[in-house]
2 protein chains.
Amino acid sequence: MSDYNEEIVPEMCKVTDALGILVGKWKPVILLHLLKNGTQRFNELKRSLPGITQKMLTNQLRELEEEDIIERKVYAQVPPKVEYSITDYGTSLEPILHAMHVWGANHTIHKQTKRNNQAEAK
Amino acid sequence: MSDYNEEIVPEMCKVTDALGILVGKWKPVILLHLLKNGTQRFNELKRSLPGITQKMLTNQLRELEEEDIIERKVYAQVPPKVEYSITDYGTSLEPILHAMHVWGANHTIHKQTKRNNQAEAK
DNA sequence: TTCTACAGTATCCTTTTCTATACTATACCA
DNA sequence: TGGTATAGTATAGAAAAGGATACTGTAGAA
């Protein structure tokens with residue numbers, strides 16, 4: 001049990017709050033796209049996310065906007081133009097996304113290794 | 001856009017994998033309890049998680065066990081005794097949980113501040 | 001004049017997640 | 001002899017998340 005525990009008391013834990021913002025089938029990928037490519041238009045994002053429906057994309061973007069993670073900029077044009085980008089505040093999520101990516105990548109290996117060991121033990 | 005981006009390519013992102021392990025209504029709290037209090041028996045955990053059903057607790061524990069995050073130790077006794085604890089590997093999640101907790105706590109403040117500013121602006 | 005691009009809504013349906021409740025076996029205690 | 005504690009399982013149902021599909025209005029191009 002490490003030093004961290006002094007700070008996280010399960011009863012007042014905010015992990016679930018943070019998690020709630022990242023959870024959603026497409027949210028992490030959307031964030032990574034915006035972080036990597038900067039400002040993107042709605043259909044640009046849609047094309048980057050094969051399989052997503054318009055409804056889902058709208059909904060995930062709205063939820064991220066609600067939390068001040070991304071910004072939505074509407075241009076009064078026809079046909080419409082709407083641009084999405086990460087807010088300055090939103091970039092504070094980057095280290096967490098990065099840590100999760102690294103952990104996730106390692107986990108894939110960990111599980112593979114475990115499977116191999118189990119097969120070998122037979 | 002920071003240096004991190006060199007490493008996380010949305011197309012091969014593992015964030016969702018990591019997220020999948022943490023997601024579940026009770027998983028973060030269960031992990032925090034085990035990290036804080038060490039080995040715990042089934043009913044001990046149950047008492048620490050007001051509102052959880054036995055089915056849910058069993059199911060969340062099984063999922064975490066499946067990913068090698070926690071260990072389940074059964075004692076051949078009657079009445080039964082089963083102990084749960086974080087594996088060594090499981091502790092590798094701690095920095096992430098900690099980062100999310102800190103971010104989440106700050107986010108609560110951020111949202112409050114935003115609300116205040118908006119109210120003030122009227 | 002019909003077609004396309006744009007950024008969405010609206011409606012319905014399926015799948016997944018979570019909850020509620022009842023049930024199990026057995027040792028020990030009063 | 002009946003009640004309690006233990007660690008679950010079984011079954012049914014409610015709620016939330018996600019998917020499929022059709023529709024909108026308007027400018028500009030073919």
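A note on names: the letters A, B, ... follow the listed sequences, proteins ahead of strands, and every chain is numbered from 1.
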Whole-Å distance between [N] [atom2] and [X] [atom1]?
X     : N      : atom1 : atom2 : value
B/L61 : C/dC18 : CG    : P     : 14 Å
B/E44 : D/dT6  : CD    : C1'   : 12 Å
B/L19 : C/dT17 : CG    : P     : 13 Å
B/K25 : D/dA16 : NZ    : P     : 9 Å
B/L57 : D/dT9  : CG    : P     : 11 Å
A/M56 : C/dT9  : CE    : C1'   : 15 Å
A/K46 : D/dA20 : NZ    : C1'   : 12 Å
A/L45 : C/dG8  : CG    : C1'   : 14 Å

Criterion salt bridge (charged side-chain N to carboxylate O under 4.0 Å, His left out) against A/E63, the qualifying member of A/K25, A/R72, A/K27: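 Testing each of A/K25, A/R72, A/K27 against A/E63, the sole residue satisfying salt bridge (charged side-chain N to carboxylate O under 4.0 Å, His left out) is A/K27.
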From the list [options], which nucleotide is the closest neighbour of the side chain of [X]?
X     : options               : answer
B/V82 : D/dG8, C/dA7, D/dG18  : D/dG8
A/F42 : D/dA7, C/dT19, C/dG8  : C/dG8
A/P80 : D/dG25, C/dT9, D/dT6  : D/dG25
B/T53 : C/dC18, C/dG8, C/dA20 : C/dA20
A/N43 : C/dC18, D/dG8, C/dC6  : C/dC6

Touch class at under 4.0 angstrom, heavy-atom based, for A/G24 against every strand present: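 Contact class for A/G24: sugar-phosphate only.
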Euclidean distance, A/L49 CG relative to A/I30 CD1, rounded to 0.5 Å: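 A/I30 atom CD1 to A/L49 atom CG measures 5.5 Å (nearest 0.5 Å).
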Residues, nucleotides or ligands: over 12 heavy atoms within 6.0 Å of A/N116 CG: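 Atom CG in A/N116 is crowded, with more than 12 foreign heavy atoms closer than 6.0 Å.
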Evaluation steps, side-chain contact (heavy atoms from CB on, under 4.5 Å), between A/V15 and B/L31: CA-CA 11 Å; A/V15 173; B/L31 290 176; over 6 Å; no
[X] side-chain N/O to [N] phosphate OP1/OP2 under 4.0 Å:
X     : N     : result
A/R41 : C/dC6 : no
A/R47 : C/dA7 : no
B/R62 : D/dT9 : yes
A/Y84 : C/dG8 : yes

Side-chain heavy-atom pair B/E65, B/L61 within 4.5 angstrom cut-off: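 Sidechains of B/L61 and B/E65: no contact.
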Closest-nucleotide 5' rank along DNA chain D - winner of B/P79 and A/V23: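 The 5'-side residue here is B/P79.
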Side-chain donor/acceptor contact of B/K55 with base of D/dT11 under 3.5 Å: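 Per atom types, the contact qualifies.
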